[in-house]
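In what follows, every chain begins at residue 1, and chains take the letters A, B, ... in the order their sequences are listed.
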2 protein chains.
Amino acid sequence: MLLRKVNVVDGALALLDAEGLDGLTMRKLGAALNVQAGALYRHFPSKEALLDAMAEKLVEGIAEPMPEGSWDQQLTVLADRFRTALLAHRDGARLFAGTFVPEPNTNAAGAAAVAVLCAAGMPVDRAGWITYAAMYYVLGHTIEEQAQLRLHEQGDDWQTRQANAPHDDPLFAQALGSVITADPAERFAYGLALIIDGVREQLRRGGTARGA
Amino acid sequence: MLLRKVNVVDGALALLDAEGLDGLTMRKLGAALNVQAGALYRHFPSKEALLDAMAEKLVEGIAEPMPEGSWDQQLTVLADRFRTALLAHRDGARLFAGTFVPEPNTNAAGAAAVAVLCAAGMPVDRAGWITYAAMYYVLGHTIEEQAQLRLHEQGDDWQTRQANAPHDDPLFAQALGSVITADPAERFAYGLALIIDGVREQLRRGGTARGA
DNA sequence: ACCTGAACACCGTTCAAGT
DNA sequence: ACCTGAACACCGTTCAAGT
């Protein structure tokens, strides 16, 4: 059976779940698809191009259907969908972060956020800045969320190691403990609300920067 | 001359500037230090441990001296120092993001932020959440800032490629253009201000979550 | 057009043996 | 204690040759 581009991407995503991003090699992928590693280069010019296609598939359909509600509700839904899409595959956030090249699906997600912000009264250029700022937050949070998931599955608990380490700063130890033990979804929502509250403040000021 | 741990880390950071994170190999590092690659394992148990030590050195002294001023000014200075530290070496942000294991210097930076937020009246647990949210933002912004720096140095301009690509969404095209052409420092400050405004709003509400 | 088989130029890591 | 030399078990990528 002849291999298609889409089969390679699907197989790669399955292998990603099984082996993780570091264990995803062209040779293993070839074996999983009953093909030599070299044959994959008929479909993708490089491993990087394949990773791009995987990342693109990951965020497919994030902007559809366009969420209802006020701008802040819409933005929250878009961010939640982004996080959920990244969580759907092992190391999804790291995969996406390593390859954010502008491709249709990635653009569609960003375009949706920009549209929401502009409709709310934000100037286009600020809407772009805010969209990327929010994206950085979602990516960073989700990368660490998945990293902790991995540690949890292994015996090696970063959590207990950190908790048992001698802290000369008990305040920070407590803060860190709260970060580690919190429900990731709740902590995610809290940080996102900070940014959204900041945007609301900008709208109140008429979209100009602080102090301007 | 016998090699010390500190010589290995310094050599590795110099090699990082010369070759980038992907070009940083144990073999090249050995050659740069006039030593076989295997000899490096007398000083670090693995490449990962070396990368951890490099990341740790990168953020050395971020919290000292403790910045003066109001809590928001202090937080801004800490974030600026963090960004500056990451920018000091090629791929510094990616290096740090790949290895954030709790080590003394990394903890000191986080502890400083938590202390500032607590002094401002924030509960400890929220201070932790906010500190990490801000860290995700700084990391994400700086990773992309350095990625764009690299593209700029090469001929391959993501910027022009993106600008020339046919956009079915002119609004997003304009927003993206503004993200790409903006002064990175200004865009960084803007996004950070969003988060800080969000924190101010939290303080006004008494530190409870939105809707609570 | 798609794939095999085999190679090329690398990796990180280990380890007996030297000094 | 630190380092060499050499190996082990891998990588991504290329390419003549097959079908």
Which whole-number value in Å describes the distance from A:N7 CG to C:dA1 P?
19 Å

Rounded off to whole Å, could you give me the CG-to-C1' distance for the A:L29 and D:dG12 pair?
13 Å

Qualifying residues under salt bridge (Lys or Arg N to Asp or Glu O under 4.0 Å), relative to B:D17, sequence neighbours excluded
none

May I ask you to say whether A:D91 pairs ionically with A:R150, meaning some side-chain N is under 4.0 Å from a carboxylate O?
no

Under 3.5 Å for both pairing distances: what stems, at least three Watson-Crick or G-U pairs long, include DNA chain D?
C:4-8 with D:12-16, C:12-16 with D:4-8

In 5'-to-3' order, the base (B), backbone-only (S) or no-contact (-) status of each nucleotide in nucleotides 13-19 of chain D, using a 4.0 angstrom heavy-atom cut-off, is BB-----

Which whole-number value in Å describes the distance from B:Q36 CD to D:dA6 C1'?
9 Å

Check side chain to side chain donor-acceptor pair (under 3.5 Å) between A:R94 and all other residues, then give those that pass, not counting sequence neighbours.
A:D22

Any residue meeting salt bridge (Lys or Arg N to Asp or Glu O under 4.0 Å) with B:K47, in chain and number order, not counting sequence neighbours
none

Starting at CG of A:D22 and ending at P of D:dC11, how long is that distance when rounded to a whole Å?
12 Å

Determine, step by step, whether A:Y190 and B:I130 satisfy the side-chain contact (heavy atoms from CB on, under 4.5 Å) criterion, reporting the C-alpha distance in whole Å, the side-chain angles of both residues, the deciding distance to 0.1 Å, and the verdict.
CA-CA 8 Å; A:Y190 183 84; B:I130 293 165; 3.7 Å; yes

Using whole Å, report how far CG of A:L21 lies from P of D:dC11.
14 Å

Table please: side-chain donor-acceptor pairs of residues 28-39 of chain B below 3.5 Å, with sequence neighbours left out.
| unit_1 | atom_1 | unit_2 | atom_2 | d |
| --- | --- | --- | --- | --- |
| B:K28 | NZ | B:E19 | OE1 | 3.4 |
| B:K28 | NZ | B:G23 | O | 3.2 |

Within the pair B:H43 and D:dA1, is there a side-chain N or O less than 4.0 Å away from OP1 or OP2?
no

To the nearest Å, give me how far apart CZ (B:F44) and P (D:dC2) are.
13 Å

Tell me whether B:E145 is salt-bridged to B:R187, with the criterion being a basic N under 4.0 Å from an acidic carboxylate O.
no

Send over the distance from A:R4 CZ to C:dC2 C1', rounded to a whole Å.
10 Å

Using the ring of each side chain (for Trp, its six-membered ring), is A:Y136 parallel, tilted or perpendicular to A:Y132, with breaks at 30° and 60°?
perpendicular

Pair B:F82 + B:F188: ring centers closer than 6.0 Å
no

